[in-house]
Amino acid sequence: MTTNSTPVSGRHYLAIPGPSVMPDAVLQAMHRAAPNIYDGELIDMMPGLTADLRRVARTEHHVAIYIANGHGVWEAALANTIAPGERVLVPATGRFAHGWALTAQGLGIETQILDFGKSSPWDMDQIADALRADTGHLIKAVLAVHVDTSTSIRNNVPALRALLDELNHPALLMADCIASMGCDRFEMDAWGVDVAVTGSQKGLMVPPGTAFVFFNDKAAAKRASMPRVSGYWDWTPRAHPDEFYQYFNGTAPTHHLYGLRQALDMIHREGMENVWSRHEVLARAIWAACEVWAEGCAVTMNVSDPEFRSYAVTSLRLDQGRGTALRNWVEGNLGLTLGIGLGMAEPDDPKRDDFFRLGHMGHLNGHMVMGMLGGVEAGLAALDVPRGKGALEAAAAVIGHG
Ligand SMILES: *Cc1c(COP(=O)(O)O)cnc(C)c1O
């Protein structure tokens, strides 16, 4: 599809699971001449910035900033804690856990993958069996994707902590919160997470290009025992720099920092609890509409149990390859871009065109969600898709009642 098929009038809406919609205030904060990197405002703002980042992750511990995307902090987390030849356990629901495992393999780390498919959450019994079998404690970390963005499954991270504690297993608990942070509740310290990673371009509402690794003292101790960590990936000077450049191991991502400052101001002005409950209500409104559409047996939600559905993204299927047709229609006619299906079918499988996703991360409110759902309703009408009646009313009722 070419961009000239997108309507030119009205504001385009990118309703995909990252990059997310950015607030105008964030864009405006970035729109400035190159700032002084030797002294002044930019340097002075760093302690407050890292403190406010830690408040988003709900941690009192350390944060390192990288000029990177999510894949970069996957590598950063591993490079600081797991030596070549050591083992990690990877409970996988959907695609992203496999991506993190691939990164580990590239670093010479042994991966033990438990694959739970594309529509079920972690099976805690199977994870327990794997940990119990590891009597020699060869598993040094569990790589836990909190929200898998391909399937829209949200896994139960506190239950994993409880399991590690119950079995007295010393592995680090590492969480990928790239999709979830700032959307689904995540509390690093209270949940006993040792390392958490996220990026700027989803719930944090800043362009892609900066990413964050949060780590506690247990993870820092593992870092101290590593035979070597490259100067670039080493999180220690980044988290505790003597000089400004050490935050980034080089030139600062100057404009991103101003955007992030503004985004964190907005998040904390609203309050983390309010941010999470806003995402919950908006997600429940989206599910309400999807459940009505599903009555026609053409539209299916990927995750049947609401307890395991993320508040950040919803993965759907529309039969006969019409997921792609719907995406094309709403993009070409309404200026609304929906997420492509990701990792749900093999590239040569015609069913891959069934899958699509609704992104609902970050800078989002009720009228945007109603507009997006209205756009999908129009697209389903245009394609003559059989569906239940009253999807928008069902969504409006959720938003109306909170
Ligand atoms: C987006 C995402 C990633 C990858 O992030 P990139 O910035 O695309 O490298 C990894 N894990 C999850 C859960 C994600 O949502």
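Positions are given from 1, in the same order as the sequence printed here. Computed from a prediction, not measured in an experiment: that's the story for all the values here.
Taking NE2 of His61 as the start and CZ of Arg54 as the end, the distance is 9.5 Å to the nearest 0.5 Å. Within the model, atoms CG of Leu160 and CG of Asn155 stand 9.0 Å from one another, a figure rounded to the nearest 0.5 Å. Between the CD atom in Glu41 and the CZ atom in Arg261 there is a gap of 11.0 Å [rounded to 0.5 Å]. Interatomic distance, CE of Met372 versus CG of Leu358, reported as 4.5 Å (0.5 Å rounding). Note that the CZ atom of Arg317 and the OG atom of Ser119 stand 10.0 Å from one another [nearest 0.5 Å]. Asn365 contributes atom CG, which lies 5.5 Å from atom CE of Met368 (distance to the nearest 0.5 angstrom).
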Q | Test salt bridge (Lys or Arg N to Asp or Glu O under 4.0 Å) applied to Arg387 and Glu377, step by step | A | CA-CA 9 Å; Arg387 64 198 184 282; Glu377 178 75 53; 2.7 Å; yes

Q: Check step by step if salt bridge (Lys or Arg N to Asp or Glu O under 4.0 Å) holds for Arg327 and Asp354.
A: CA-CA 10 Å; Arg327 288 189 61 257; Asp354 288 11; over 6 Å; no

Q: Mind running salt bridge (Lys or Arg N to Asp or Glu O under 4.0 Å) on Asp52 and Arg55 for me, showing each step along the way?
A: CA-CA 5 Å; Asp52 286 342; Arg55 284 167 70 201; 2.9 Å; yes

Q: Take Glu75 and Thr103, measure what side chain to side chain donor-acceptor pair (under 3.5 Å) needs, and give me the verdict at the end.
A: CA-CA 6 Å; Glu75 179 149 349; Thr103 301; 5.8 Å; no

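Salt-bridge annotation for Asp148 and Lys118: absent, with no side-chain N of the basic residue lying under 4.0 Å from a carboxylate O of the acidic one. Between Arg161 and Asp165 there is a salt bridge, since at least one side-chain N of the basic residue sits less than 4.0 Å from a carboxylate O of the acidic one. Salt-bridge annotation for Arg185 and Glu280: absent, with no side-chain N of the basic residue lying under 4.0 Å from a carboxylate O of the acidic one. For Arg132 and Asp129, the salt-bridge test passes: some basic side-chain N is under 4.0 Å from an acidic carboxylate O. A salt bridge does not link Asp184 to Arg309: none of the charged side-chain nitrogens sits closer than 4.0 Å to a carboxylate oxygen.
A donor-acceptor distance shorter than 3.5 angstrom exists from the side chain of Gln246 to the backbone of Glu243, with no hydrogens or angles considered. A donor-acceptor distance shorter than 3.5 angstrom exists from the side chain of Thr198 to the backbone of Cys177, with no hydrogens or angles considered. Panel note: side chain Asn80, backbone Trp233; a donor-acceptor pair is recorded below 3.5 Å. Within the 3.5 Å criterion, the main-chain N or O of Trp329 finds a donor-acceptor partner in the side chain of Asn333. In this structure a side-chain-to-backbone donor-acceptor pair under 3.5 Å is present from Asn274 to Glu270. Panel note: side chain Lys222, backbone Thr81; a donor-acceptor pair is recorded below 3.5 Å. For Thr50 (side chain) and Pro47 (main-chain N/O), a donor-acceptor pair under 3.5 Å exists by modelled atom type. Listed for the Asn69 side chain is a donor-acceptor partner under 3.5 Å among the backbone atoms of Gly72.
Closest approach of Met226 and Ala79 over heavy atoms only: CE-O, 3.4 Å. When all heavy atoms of Met344 and Ser150 are compared, the pair lying nearest together is SD-O, 3.9 Å. Pairing each heavy atom of Gly231 with each of Asn249, the nearest pair is O-ND2, 3.4 Å. Minimum heavy-atom separation, Arg238 to Tyr232: NH2-O, 2.8 Å.
Judged by distance alone, the side chains of Thr337 and His12 do bring a donor and an acceptor atom under 3.5 Å apart. Judged by distance alone, the side chains of Ser315 and Asn302 never bring a donor and an acceptor atom under 3.5 Å apart.
Atom CD of Glu273 has more than 12 heavy atoms from other residues, nucleotides or ligands within 6.0 Å. Within 6.0 Å of NZ on Lys218 lie more than 12 heavy atoms contributed by other residues, nucleotides or ligands. The 12-atom threshold is exceeded at CZ of Arg32, counting heavy atoms of other residues, nucleotides or ligands nearer than 6.0 Å. Around CZ of Arg223, the count of heavy atoms belonging to other residues, nucleotides or ligands within 6.0 Å exceeds 12. Enclosure of atom CD in Glu60 is not indicated, since only 12 or fewer non-hydrogen atoms of other residues, nucleotides or ligands lie within 6.0 angstrom.
The aromatic rings of His62 and His240 stand perpendicular to each other, their planes meeting at an angle above 60°, with 30° marking the opposite boundary. Ring-plane geometry between Trp287 and Tyr311 is classed as tilted, the angle between the planes lying from 30 to 60 degrees on a 0 to 90 degree scale. Between His169 and His137, the angle of the ring planes lies from 30° to 60°, which puts this pair in the tilted group. Using cut-offs of 30° and 60° for the angle between ring planes, the Phe212 and Phe214 rings count as tilted.
With contacts defined as side-chain heavy-atom distances shorter than 4.5 Å, the pair Tyr245/Phe248 does not qualify. Side-chain contact between Val88 and Ile82 is present, with at least one heavy-atom pair separated by less than 4.5 Å. Residues Arg278 and Leu282 form a side-chain contact, since some pair of their non-hydrogen atoms from C-beta on lies under 4.5 Å apart. Between Pro17 and Lys202, every side-chain heavy-atom pair lies at or beyond the 4.5 Å cut-off. Annotation: side chain of Val195 is in contact with side chain of Trp235 (closest heavy-atom distance under 4.5 Å). Counting only heavy atoms from C-beta outward, the side chains of Met174 and Val142 never approach each other to under 4.5 Å. Looking at heavy atoms from C-beta onward, Ile109 lies in side-chain contact with Leu78 at the 4.5 angstrom threshold. Inter-residue side-chain proximity for Leu326 and Leu383 is flagged as met; some heavy-atom pair is nearer than 4.5 Å.
Only one option out of Phe96, Trp191, Trp122 pairs with His146 in a ring-ring contact (aromatic ring centres under 6.0 Å, His included); it is Trp191.
When ring centroids are compared, Trp276 and His279 stay outside the 6.0 Å threshold.
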